[in-house]
Amino acid sequence: QVQLVESGGGLVQAGGSLRLSCAASGRTFSYYAMGWFRQAPGKEREFVAAISWSYGVTYYADSVKGRFTISRDNAKNTMYLRMNSLKPEDTAVYYCSVSTAPYLTSRLSAFGSWGQGTQVTVSS
């Protein structure tokens with residue numbers, strides 16, 4: 001079992017920055033990658049970014065590429081998402097998850113053990 005807790009969400013003005021954290025506990029050795037997804041009101045949950053735990057290879061959605069940076073601290077079992085140049089379109093609940101698939105993927109079906117989510121609101 002893997003438990004995930006997101007934090008760092010809040011209200012920010014367009015163009016501002018925010019850093020999200022995801023703390024993992026339990027049997028963290030069993031997963032290959034961690035990732036961030038987001039879900040806006042009335043929308044489907046969408047992929048944001050992922051990172052392989054052992055080697056730090058990253059993968060980003062086109063909508064956030066160049067603005068967001070995903071990273072991890074293996075010693076702390078914590079993943080981060082630095083969000084710069086935020087837009088109102090980034091407003092959503094952001095979720096942390098893990099994947100046991102042996103490759104980086106944006107497919108929702110590959111992820112599981114979701115956190116509770118943290119709200120990010122970007123004002124125009």
Walk me through whether Trp53 and Tyr31 qualify under ring pair (Phe, Tyr, Trp, His ring centres under 6.0 Å).
CA-CA 8 Å; Trp53 196 244; Tyr31 60 81; 5.8 Å; yes

Donor-acceptor contact present, side-chain Thr91 to main-chain Val122, <3.5 Å:
yes

For Cys96 and Glu6, which heavy atoms make the closest approach, and how far apart are they?
N-OE2, 2.6 Å

Do Arg67 side-chain atoms and Ser85 backbone N/O form a donor-acceptor pair below 3.5 Å?
yes

Checking Glu89 now: which residues fulfil salt bridge (Lys or Arg N to Asp or Glu O under 4.0 Å) with it, not counting sequence neighbours?
none

Over all atoms of both residues, closest heavy-atom pair of Arg38 and Ala92
CB-CB, 3.8 Å

Within the structure provided, determine whether Leu4 and Tyr95 are in side-chain contact (heavy-atom separation under 4.5 Å).
no

Under 3.5 Å, sequence neighbours excluded: what are the donor-acceptor pairs made by side chains of residues 102-115?
| unit_1 | atom_1 | unit_2 | atom_2 | d |
| --- | --- | --- | --- | --- |
| Tyr103 | OH | Arg107 | NH2 | 3.3 |
| Thr105 | OG1 | Arg107 | N | 3.1 |

Ser17 versus Asn84, closest heavy-atom pair with distance
OG-OD1, 2.8 Å

Apply side-chain contact (heavy atoms from CB on, under 4.5 Å) to Met83 and Val120, showing your working.
CA-CA 10 Å; Met83 304 181 291; Val120 172; 3.9 Å; yes

Is Trp36 reachable from Val12 through a run of I, L, V, M, F, W or Y residues, each pair having side-chain heavy atoms under 4.5 Å apart?
yes

Tyr59 with Phe37, same ILVMFWY side-chain cluster at under 4.5 Å:
yes

Heavy-atom nearest pair, Leu81 first then Ala49, reads CD1-CB, 4.4 Å

Considering all heavy atoms of both residues, which atom of Gln39 and which atom of Lys43 are nearest to each other, and what is their separation?
NE2-O, 3.1 Å

Assess whether a salt bridge exists between Lys65 and Asp62, defined as any Lys/Arg side-chain N lying under 4.0 Å from an Asp/Glu carboxylate O.
yes

Out of curiosity, Ser99 OG to Ile51 CD1, how far, rounded to the nearest 0.5 Å?
13.5 Å

Look up atom CZ in Arg72 and atom OG in Ser54, then write down how far apart they are to the nearest 0.5 Å.
8.0 Å

Is it the case that one hydrophobic cluster holds both Leu20 and Tyr60, taking links as side-chain heavy atoms less than 4.5 Å apart, direct or via other members?
yes

Between the CE atom in Met34 and the OG atom in Ser52, the distance rounded to the nearest 0.5 Å is 12.0 Å

Phe47, Val93: one ILVMFWY side-chain cluster at the under-4.5 Å cut-off?
yes

Taking side chain as C-beta onward, heavy atoms only, is Met79 less than 4.5 Å from Ile70?
yes

